[in-house]
Amino acid sequence: MPRSPSNLQSDFGQSQLNHHSDALPQFSNHLPIPPVLTSYEARWSYASLEFYSQPAGETPKLCLDHYAIGIYLGQGFQLEHQMDEVAKGRLQKDFYFNGGLTLIPMHYSYWGRWQQPIEAMMLNLQSDLLLRNAAEILAVEQVE
């Protein structure tokens, strides 16, 4: 069962993320093994953080209802991935090092495969959080 360390809650400034109570954005239901640690019990609004230790594998083709930022830890690895709306939907092969990032935009069809065990954190962000903060930073009424 995923555990929730109490220190994750303070690291991301819970006071900024405690306004909304819709379902938490999660990446976990798209991977073969559930996350080792999560922020779920912290009951953040608009965001969740998941830590994974995954064997070699792949995601199904997915289309998220939120933004996801993958932060890779440990040894470097090659990721084969495809996003229908990027690079004309062609298969891409990228090498990720410790600390490397990838962004999976909301509503884009995505698929990924890796040939060795990986460790990663997924920061899942609902669009409301980004839109609200972008509007405040840019001092505009609406952001697309």
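Keep in mind it's a predicted model, so treat the numbers as computed, not measured.
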Just verifying a value: how many Å separate Ser109 OG and His107 NE2, rounded to the nearest 0.5 Å?
11.0 Å
Before we go on, tell me: are the rings of Phe77 and Tyr72 under 6.0 Å apart, centre to centre?
yes
Set of salt bridge (charged side-chain N to carboxylate O under 4.0 Å, His left out) partners for Lys93, sequence neighbours left out
Glu80
Scan the side chains in residues 55-71 for donor-acceptor partners under 3.5 Å anywhere in the protein, sequence neighbours excluded, and list what turns up.
| unit_1 | atom_1 | unit_2 | atom_2 | d |
| --- | --- | --- | --- | --- |
| Glu58 | OE2 | Trp111 | NE1 | 3.2 |
| Thr59 | OG1 | Gly112 | N | 3.1 |
| Lys61 | NZ | Asp84 | OD1 | 3.3 |
| Lys61 | NZ | Asp84 | OD2 | 3.1 |
| His66 | NE2 | Asn124 | OD1 | 3.0 |

Applying a strict under-4.5 Å side-chain criterion to I, L, V, M, F, W and Y, I'd like to know whether Ile33 and Leu79 cluster together.
no
Nearest heavy-atom neighbours spanning Asn98 and Gly74:
CB-O, 3.2 Å
Roughly how far apart are Met83 CE and Tyr108 OH, rounded to 0.5 Å?
8.5 Å
Is there a path of hydrophobic side-chain contacts, each under 4.5 Å between heavy atoms, that joins Val86 and Tyr96?
yes
Decide yes or no on side chain to side chain contact (heavy atoms under 4.5 Å, CB included) for Gln78 and Trp114, but give the supporting numbers first.
CA-CA 6 Å; Gln78 181 172 307; Trp114 53 98; over 6 Å; no
Apply side chain to side chain contact (heavy atoms under 4.5 Å, CB included) to residues Gln116 and Gln75 and explain how you reach the verdict.
CA-CA 10 Å; Gln116 66 189 59; Gln75 291 187 7; 4.0 Å; yes
Which residues pass the salt bridge (charged side-chain N to carboxylate O under 4.0 Å, His left out) test with Asp94, not counting sequence neighbours?
none
Here the pair of heavy atoms bringing Gln54 nearest to Pro34 is NE2-O, 4.5 Å
Heavy atoms, side chains only, cut-off 4.5 Å: are Phe27 and Tyr52 in contact?
yes
Here the pair of heavy atoms bringing Ser39 nearest to Ser48 is OG-CA, 3.4 Å
Is the closest side-chain donor-acceptor distance between Tyr40 and Glu50 under 3.5 Å?
yes
With the side chain counted from C-beta on, respond yes when Leu103 and Leu101 share a heavy-atom pair under 4.5 Å apart, and no when they do not.
no
Closest heavy-atom contact between Met121 and Phe51?
CG-CD1, 3.8 Å
